[in-house]
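By convention in this document, chain letters (A, B, ...) are assigned in the order of the sequence lines, proteins followed by strands, and residues within each chain are numbered from 1.
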There are 2 protein chains.
Amino acid sequence: MDTSLFDEAILKEFTLSFKTIEVPARTILLREGEISKKAFFIESGCLRVWFNNNGKECTTQFFFEREMVSSIESFRTGAPGLFNIESIEPCVIKVITKAELDKIEQNSPIFRKRMEETILKRLFVYQKLFLSRIKDSPEKRYHDLLENNPEMILRIPQHYIASYLGITSVSLSRIRRRG
Amino acid sequence: MDTSLFDEAILKEFTLSFKTIEVPARTILLREGEISKKAFFIESGCLRVWFNNNGKECTTQFFFEREMVSSIESFRTGAPGLFNIESIEPCVIKVITKAELDKIEQNSPIFRKRMEETILKRLFVYQKLFLSRIKDSPEKRYHDLLENNPEMILRIPQHYIASYLGITSVSLSRIRRRG
DNA sequence: GAGATTTATTAACAATTGTTATCGGCTGAC
DNA sequence: GTCAGCCGATAACAATTGTTAATAAATCTC
């Protein structure tokens, strides 16, 4: 997370508020249907965001080192989140509670503004996810991923990639064979 | 649009700023790729939002009487919008410019707050659109629409419905025949 | 009202994906 | 080292959708 816009005092309180945890792979940090009370900053490892779709796991996003993950929508509405946040690899993660974030937000107009920007960014993320599903075939989406995020393909188990592309791992295997 | 939260002076300025226009069906109010400078309030008639996907029109939303339509994302970023806004029926529409909205927003904290809420709502709209595409087959999406918005099915030409469901009108015909 | 345009249905065929099942390879636990 | 479990590839079959084309019905234009 880029913290350059915070003033010193806020930044200090911000970093002090974090608690560091270590989790093995396949650990669920936030469960679908629960009200989100924490935000996560990934020091090392990677996470995926997914939801249960009639017994099938649907992965919507991956997050890596130095990325911040939370259900900002759930923060705002206080409603249960729609997604699970789960580790794919063993991770070192910094955790901050919503209560602490709220306190910082109250004392810092800059931080408040950043939160608004984050909401707008999330809107564009969903817009992009939505349009990608419509515009492109699973095959094209795979090739795009291969071109733009090859490290993702190498790092993340294939069945998660398939789940992210919205197809079965069988179908992804076929696409890979086709070239 | 619910205006109950505005104070009197703002509300007056707000309503005075509107200019009423009448347009026939198939009129494009905002063109994809243009920077949005206006917002529309539908008095009568209905609009659809769509984008060009390799020569095929993809409809993402429909709007009806008493609904406000604009590219709020484009407003915020100043970047070209991704969508066309087009009339399906002859419409009576109230138009307000972004410049006027900006002026009102500057003078009214309440209005500013409403805009933030609107952004959050848009986020949920995209979230819902995205999840619906993933979770449900076109057939299920059609039946859901039939159950929850039967008036939409009656009012809107079928090929637009098909475009909204993400299928061809041929496929929609087949689904309808299957029952 | 006649002709043109748009809209919806249906048919036939191709292509892609899902489903189910099998198999081999890899990894981790003990 | 061995066993169990997970992961990826492949095959065979079913189901759905897209594509193209033909046709009928509805609507619009003049």
Side-chain angles (χ1 to χ4, degrees), chain A residues 22-28 45-46 48 50 52-59 62 86-91 132-146 150 152-179, chain B residues 22-28 45-46 48 50 52-59 62 86-91 132-146 150 152-179:
Chain A
E22 287 187 42
V23 295
R26 296 166 154 276
T27 305
I28 295 187
C46 72
R48 71 184 181 112
W50 63 275
N52 183 314
N53 181 22
N54 281 99
K56 273 170 218 156
E57 295 186 4
C58 247
T59 304
F62 299 106
E86 181 180 337
S87 61
I88 292 179
E89 306 170 354
C91 294
S132 159
R133 288 264 167 179
I134 295 180
K135 287 191 157 177
D136 308 324
S137 66
E139 181 156 4
K140 173 149 178 12
R141 293 224 308 288
Y142 174 71
H143 288 129
D144 285 354
L145 205 61
L146 201 56
M152 239 174 78
I153 307 257
L154 292 173
R155 185 166 175 183
I156 293 176
Q158 219 140 102
H159 62 286
Y160 291 145
I161 299 278
S163 154
Y164 174 75
L165 293 172
I167 53 179
T168 60
S169 56
V170 175
S171 191
L172 179 54
S173 271
R174 283 191 287 235
I175 289 172
R176 284 162 64 86
R177 184 167 41 141
R178 287 205 292 268
Chain B
E22 287 187 41
V23 296
R26 295 166 154 277
T27 305
I28 293 188
C46 70
R48 72 184 180 111
W50 62 276
N52 182 315
N53 181 23
N54 282 100
K56 271 169 218 155
E57 295 186 4
C58 245
T59 304
F62 299 107
E86 181 180 338
S87 61
I88 293 179
E89 304 171 354
C91 294
S132 160
R133 288 261 168 181
I134 295 181
K135 286 191 157 176
D136 307 325
S137 67
E139 180 156 3
K140 173 147 178 12
R141 294 225 307 288
Y142 173 71
H143 288 129
D144 285 353
L145 205 61
L146 201 56
M152 241 174 76
I153 306 256
L154 293 173
R155 186 168 175 182
I156 293 176
Q158 220 138 103
H159 61 287
Y160 292 143
I161 299 278
S163 154
Y164 174 76
L165 293 173
I167 53 179
T168 61
S169 57
V170 175
S171 191
L172 179 54
S173 270
R174 282 191 288 234
I175 288 172
R176 284 162 62 85
R177 185 169 38 144
R178 286 205 293 268

Check: Any side-chain donor-acceptor pair under 3.5 Å between Arg141(B) and Tyr164(B)?
Finding: no

Counting only side-chain N and O atoms of [X], is one of them less than 4.0 Å from OP1 or OP2 of [N]?
X	N	value
Thr168(B)	dG18(D)	yes
Arg177(B)	dT10(C)	yes
Arg176(B)	dA8(C)	no
Lys140(A)	dT16(C)	no

Round to a whole Å and report the spacing from [atom1] of [X] to [atom2] of [N].
X	N	atom1	atom2	answer
Leu165(A)	dT17(C)	CG	P	11 Å
Tyr142(B)	dA8(C)	OH	P	11 Å
Glu139(B)	dG18(D)	CD	P	13 Å
Leu154(B)	dT7(C)	CG	P	17 Å
Ile175(A)	dA15(C)	CD1	C1'	13 Å
Arg178(B)	dT9(C)	CZ	P	13 Å
Ile161(A)	dG8(D)	CD1	C1'	13 Å
Tyr160(A)	dG8(D)	OH	C1'	14 Å

Next item on the list: Could you tell me whether Arg174(B) contacts a base, only the sugar-phosphate backbone, or nothing, with contacts defined as non-hydrogen atoms closer than 4.0 Å?
Entry: base

Check: Which part of the nucleic acid does Ser171(A) contact within heavy-atom distance under 4.0 Å: base, sugar-phosphate only, or nothing?
Finding: sugar-phosphate

Counting side-chain heavy atoms from C-beta on, which of [options] comes nearest to [X]?
X	options	result
Val170(A)	dT17(D), dG8(D), dT19(C)	dT19(C)
His159(B)	dA8(C), dA9(D), dT17(C)	dA8(C)
Gln158(B)	dT20(D), dG18(C), dA8(C)	dA8(C)
Ile167(A)	dG18(C), dT19(C), dA9(D)	dG18(C)

Next item on the list: Please figure out whether Ser169(B) or Leu172(A) has its closest DNA chain C nucleotide nearer the 5' end.
Entry: Ser169(B)

Next item on the list: Look at the side chain of Thr27(A) and the backbone N and O of Ser87(A), then say whether any donor-acceptor pair between them is shorter than 3.5 Å.
Entry: no

Item checked: Under 3.5 Å: donor-acceptor pair, side chain of Thr59(B), backbone of Ser163(B) -> no

Checklist line | pair Ile175(B)-Leu165(B): side-chain heavy atoms closer than 4.5 Å | finding: no

Next item on the list: Considering non-hydrogen atoms only, spot the tightest contact between Ile156(A) and Ile161(A) and give its length.
Entry: O-CG1, 3.9 Å

